[in-house]
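Following: one structure in C-alpha cells, then a few remarks.
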Amino acid sequence: MSNVTYQYIKTNKDVQTYINYADAALSSIGYTEHSNAHVERAAATAFMILDTLGYDARTCELAQIAAYMHDIGNVVNRVDHAQTGAVMAFRLLDCMGMPADEIARIISAIGNHDEGSAAPVTPIAAALIIADKSDVRRSRVRPAEREQAVTTNAPPADIHDRVNYAVESSSLAFSDDKKELILTLKIDLHISSVMEYFEIFLSRMSLCRTAASSLGVNFGLVINNSRIL
C-alpha cells in the first residue's frame with residue numbers, strides 16, 4: 001500500500017489543474033458541469049457503493065481516487081477522454097510513487113467509465129460507472145444557462161441541459177437488504193418528460209444495470225415515485 005491517499009489527491013495542485021482545465025474545455029463546447037462538484041460527488045458515491053458491499057478500506061479509497069480523476073482526459077479532447085485520462089492518471093500516480101498494482105486498478109476503472117467503451121472490468125470500474133452515470137441534477141447545468149432559464153421562464157434548449165435542469169432532487173442508495181442499488185429522481189415534468197430523460201440516459205442506465213450486476217446487486221430507477229427499472 002502506498003501513502004497516496006484520496007485526501008492527498010484532492011489537494012494535489014497538478015490534479016486540480018487538469019480538472020479545472022478539463023471542465024473549462026467542456027464548458028466551451030456546451031457540456032454540463034464536470035468540475036469539483038461532479039468528481040467529488042462521484043468519489044463519495046463510488047466509496048459508498050464498495051464500502052456498503054464490504055470491500056476493504058483501500059479498495060474503497062482507490063475507487064475514490066479513480067472517481068476524482070476520471071474526467072481529466074477531457075482537457076485533451078472529449079473523444080476518447082476515458083482512455084486519455086487513464087494515461088494521464090498513470091503518469092501522475094507513477095510520479096507520486098504509487099505502486100503498480102494500485103495504479104493498474106485505478107487506470108483500468110478510468111479507462112472503462114465512458115458509455116461508448118465502458119465495461120465493469122473490476123469492482124472499482126463498476127462503482128465508478130454507477131457513480132458517474134447517476135450524477136444527474138439541476139446544478140450540473142452551467143450558471144449562464146440556469147440564469148437564462150429563470151429570466152425567460154423557459155427550459156434550456158439543449159436536451160442535456162433541459163433534462164438535468166428538470167431534476168429537482170436525486171439520490172442513490174441501497175435497499176435495506178443491500179440487494180438493490182436504487183437511483184431516485186424527482187423530475188419537473190413541465191421542464192422535461194421522462195421520455196426525454198431516457199432519450200439521453202437509456203444507454204447510461206443500461207450500463208449501470210450491467211455494472212451493478214457485476215457487483216452482485218440489481219440496479220433500480222424510480223422517477224416521481226414510479227418504478228421505471
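Quantities reported herein were computed from a predicted structural model and do not represent experimental measurements. In this chain, numbering begins with 1 at the start of the sequence shown.
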Can you confirm whether more than 12 heavy atoms, excluding those of [X], are under 6.0 Å from its [atom1] atom?
X    : atom1 : result
R78  : CZ    : yes
E147 : CD    : no
D177 : CG    : yes

Are the side chains of [X] and [Y] in touch, meaning some heavy atoms are under 4.5 Å apart?
X    : Y    : answer
I29  : L26  : yes
L221 : I182 : no
T210 : P120 : yes
N12  : Y18  : no
L183 : F219 : yes
D94  : I103 : yes
I124 : I106 : no
L93  : I9   : yes

Which heavy atom in [X] sits nearest to a heavy atom in [Y], and how many Å separate them?
X    : Y    : result
S117 : N112 : O-OD1, 3.8 Å
R140 : T32  : O-CB, 3.3 Å
S170 : L185 : OG-CD2, 3.4 Å

Report the distance from atom [atom1] of [X] to atom [atom2] of [Y], rounding to the nearest 0.5 Å.
X    : Y    : atom1 : atom2 : value
Y68  : I19  : OH    : CD1   : 4.0 Å
R138 : R146 : CZ    : CZ    : 9.0 Å
I130 : M48  : CD1   : CE    : 9.0 Å
F198 : S203 : CZ    : OG    : 11.5 Å

request  = Report whether M205 and I223 are members of the same hydrophobic cluster (ILVMFWY, side-chain heavy atoms less than 4.5 Å apart, transitive linking).
outcome  =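 Both belong to a single hydrophobic cluster.
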request  = Just do the side-chain hydrogen bond (donor to acceptor under 3.5 Å, both in side chains) check on E33 and S35 with the steps written out, would you?
outcome  = CA-CA 6 Å; E33 175 266 323; S35 66; 2.8 Å; yes
request  = Tell me, please, which residues at least two apart from H81 pass ring-ring contact (aromatic ring centres under 6.0 Å, His included).
outcome  = H113
query = Taking the six-membered ring for Trp, are F201 and Y197 parallel (under 30°), tilted (30 to 60°) or perpendicular (over 60°)?
reply = parallel
query = Do D114 and Q83 pass the side-chain hydrogen bond (donor to acceptor under 3.5 Å, both in side chains) test, and can you show the C-alpha distance, the side-chain angles, and the key distance before you say yes or no?
reply = CA-CA 9 Å; D114 186 59; Q83 291 76 27; over 6 Å; no
query = Between the side chains of N74 and H34, does any donor sit under 3.5 Å from an acceptor?
reply =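 No, because no side-chain N or O of N74 sits under 3.5 Å from a partner of the opposite role on H34.
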Check ion pair R204-D135 (N to O, under 4.0 angstrom) =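 Looking at R204 and D135, the cut-off is not met.
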query = Below 4.0 angstrom, N of the basic side chain to O of the carboxylate: do R58 and E61 qualify?
reply = yes
key: Partners meeting side-chain hydrogen bond (donor to acceptor under 3.5 Å, both in side chains) with R162 (sequence neighbours left out)   =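 For R162 the side-chain hydrogen bond (donor to acceptor under 3.5 Å, both in side chains) partners, ignoring immediate neighbours, are E196.
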query = Under 3.5 Å, side chain of S206 to main-chain N/O of L202, donor-acceptor pair present?
reply =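 Between the backbone of L202 and the side chain of S206 there is no qualifying donor-acceptor contact (under 3.5 Å).
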